[in-house]
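The block underneath contains the structure these notes are about, expressed in structure tokens.
Every chain is numbered from 1, with letters handed out A, B, ... down the list of sequences. Every heavy atom of this structure was used, including side-chain atoms; hydrogens, water molecules and symmetry mates were not.
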Protein chains: 2
Amino acid sequence: MADVPLDLDAFVCFAIYSANGAFNRAYKPALDALGLTYPQYVTMVALWTQDDVTVGALGDRLFLESNTLTPLLKRLESAGLVTRRRDPADERQVRIQLTDAGRALKVRAKGVPQAISGAFAGADPDDIARLRDEISRLRDALNTR
Amino acid sequence: MADVPLDLDAFVCFAIYSANGAFNRAYKPALDALGLTYPQYVTMVALWTQDDVTVGALGDRLFLESNTLTPLLKRLESAGLVTRRRDPADERQVRIQLTDAGRALKVRAKGVPQAISGAFAGADPDDIARLRDEISRLRDALNTR
DNA sequence: GCCATTTATCTCGCACACGATACAATCGAT
DNA sequence: ATCGATTGTATCGTGTGCGAGATAAATGGC
């Protein structure tokens, strides 16, 4: 078997790593207009889908730990987009709820995904969906080791 | 046209974002053994491919700016893996060179990519290469807007 | 009911990542 | 030769991400 050339282009992880940075750069202008960072944006998307969730449940959805989410959620709280309240039934848990401003932001955020539509110009939507699902499966395979 | 469900699973960017975190977690044990973080590892891979490069050239390869690379390279210098020297011919530039220890690490790092081989178990290598190339093309499309 | 264990969240320290900015070296037009 | 513009790198501030450890609430065995 021939030696594998040790070049960055050969690494799936580097393709993912560098594509992640590219997505961040591409989304930045649209997110700046909303006053959100990318992790804050995906957190809001998760909350727009399902409101009134615990920090832990949100972390499961976003693949993030509480030590990352807690400060992020405090910033969203400072921005007036969410509230953080201890669950009276189980005071260990903190429940995250959207404020009116947080719900209202969903409308203004509607155009954010189109910020990168240029990169998909001319591509078959089914191909994009397939690519997305393959990456998600790879992620799940890595996470369940 | 039907409303697109605003769910994280629908976003290619989130698939990439969460897969990136999964790769980091999967590589961490192997990289801890080398005393490297993931960005430090890809920097070393780039240097193993081509040594004696400027900070800017390295950044082009890694899609990183000098404000990220400079402190990272200083840490690699502190670890004794690289040297940073002003180019006498153009003192604006800093040339990065591997030390003997930096070159020697390449051998110990040989097994790192296999740290995640389990996630690819049973997959066609050609399919993996195709996936990698599609992600790279997507990155390039996003970066050239 | 009591106490060890578990669970959910938080705090802290370190390392990215990047925008904004600073600075010195170089280049270029005159 | 000079000086304004450009280039290459570094510094600073903000916001992730996560490991390690702290804390408080809930649970379970007895």
Side-chain angles (χ1 to χ4, degrees), chain A residues 14 16-29 31-44 53-60 62-79 81 84-96 143, chain B residues 13-14 16-29 31-32 34-44 53-60 62-79 82 84-96 143:
Chain A
F14 181 70
I16 296 275
Y17 168 72
S18 52
N20 185 52
F23 267 110
N24 268 292
R25 280 187 285 277
Y27 271 118
K28 184 128 210 316
L31 292 179
D32 278 350
L34 302 179
L36 294 175
T37 65
Y38 181 76
Q40 288 168 7
Y41 169 67
V42 290
T43 302
M44 291 302 290
V53 289
T54 65
V55 174
L58 204 48
D60 288 345
L62 299 169
F63 304 95
L64 294 173
E65 308 292 325
S66 70
N67 48 10
T68 298
L69 270 180
T70 295
L72 186 154
L73 290 168
K74 284 187 173 179
R75 282 179 213 107
L76 291 180
E77 187 183 36
S78 300
L81 297 174
R84 300 164 56 250
R85 242 172 293 165
R86 290 273 162 193
D87 187 333
D90 184 344
E91 296 235 333
R92 288 172 306 179
Q93 299 184 140
V94 170
R95 302 198 75 84
I96 309 299
N143 274 334
Chain B
C13 59
F14 181 70
I16 295 277
Y17 168 72
S18 52
N20 184 51
F23 267 110
N24 266 292
R25 281 187 284 278
Y27 272 116
K28 184 128 208 319
L31 292 180
D32 279 349
L34 302 179
L36 294 176
T37 65
Y38 181 76
Q40 287 169 8
Y41 170 67
V42 289
T43 302
M44 291 301 290
V53 289
T54 66
V55 174
L58 205 47
D60 288 345
L62 299 169
F63 304 96
L64 294 174
E65 309 291 326
S66 72
N67 48 8
T68 299
L69 269 181
T70 295
L72 186 154
L73 290 168
K74 284 186 174 179
R75 282 185 281 273
L76 290 181
E77 187 183 34
S78 300
V82 306
R84 300 164 57 248
R85 243 172 292 165
R86 290 274 164 192
D87 187 334
D90 184 345
E91 296 234 336
R92 289 172 306 178
Q93 298 184 138
V94 170
R95 303 198 75 85
I96 308 300
N143 275 335

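The CG-C1' distance, from B:D32 to D:dC18, rounds to 11 Å in whole Å. To the nearest angstrom, C1' of D:dC18 lies 15 Å from CG of A:L62.
Residue-level contact check: A:R95 touches neither bases nor backbone, having no heavy atom under 4.0 Å from any strand. Among the atoms of the strands shown, only primed sugar atoms or phosphate atoms (P, OP1, OP2) are found under 4.0 Å from some heavy atom of A:A89. If you check every strand for non-hydrogen atoms under 4.0 Å, B:D90 touches sugar and phosphate atoms only.
Checked against side chain to side chain contact (heavy atoms under 4.5 Å, CB included), A:R92 has the following partners two or more places apart in sequence or in another chain: A:D90. Scored by the side chain to side chain contact (heavy atoms under 4.5 Å, CB included) test, A:E91 finds no partners at all (sequence neighbours excluded).
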Check: residues 18-28 of chain B side-chain donor-acceptor pairs under 3.5 Å, at least two apart:
| unit_1 | atom_1 | unit_2 | atom_2 | d |
| --- | --- | --- | --- | --- |
| B:S18 | OG | A:R139 | NH1 | 2.8 |
| B:S18 | OG | B:F14 | O | 2.7 |
| B:S18 | OG | B:A15 | O | 3.3 |
| B:N24 | ND2 | B:N20 | O | 3.2 |
| B:R25 | NE | A:N143 | OD1 | 3.3 |
| B:R25 | NH2 | A:N143 | OD1 | 3.4 |
| B:K28 | NZ | B:D32 | OD1 | 3.1 |
| B:K28 | NZ | B:D32 | OD2 | 3.0 |

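Between the side chain of B:S66 and the base of D:dA10 there is at least one donor-acceptor pair of N/O atoms closer than 3.5 Å.
Residues A:G56 and B:Y38 both approach DNA chain C. Their nearest nucleotides, taken by heavy-atom distance, put A:G56 toward the 5′ side.
Rounded to 10°, the helix from C:dG1-D:dC30 to C:dT30-D:dA1 has 20° between the axis fitted to its first five pairs and the one fitted to its last five.
In this structure the side chain of A:L73 reaches within 4.5 angstrom of the side chain of A:I96, judged on heavy atoms.
Taken residue by residue, residues 68-79 of chain A places heavy atoms nearer than 4.0 Å to DNA chain D at A:T68, A:L72, A:R75.
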Any protein N or O atoms within reach of nucleotides 19-24 of chain C? Criterion: under 3.5 Å, listing atom names and distances.
| unit_1 | atom_1 | unit_2 | atom_2 | d |
| --- | --- | --- | --- | --- |
| C:dG19 | N7 | B:N67 | ND2 | 2.6 |
| C:dG19 | O6 | B:N67 | ND2 | 2.8 |
| C:dA20 | N6 | B:N67 | ND2 | 3.4 |

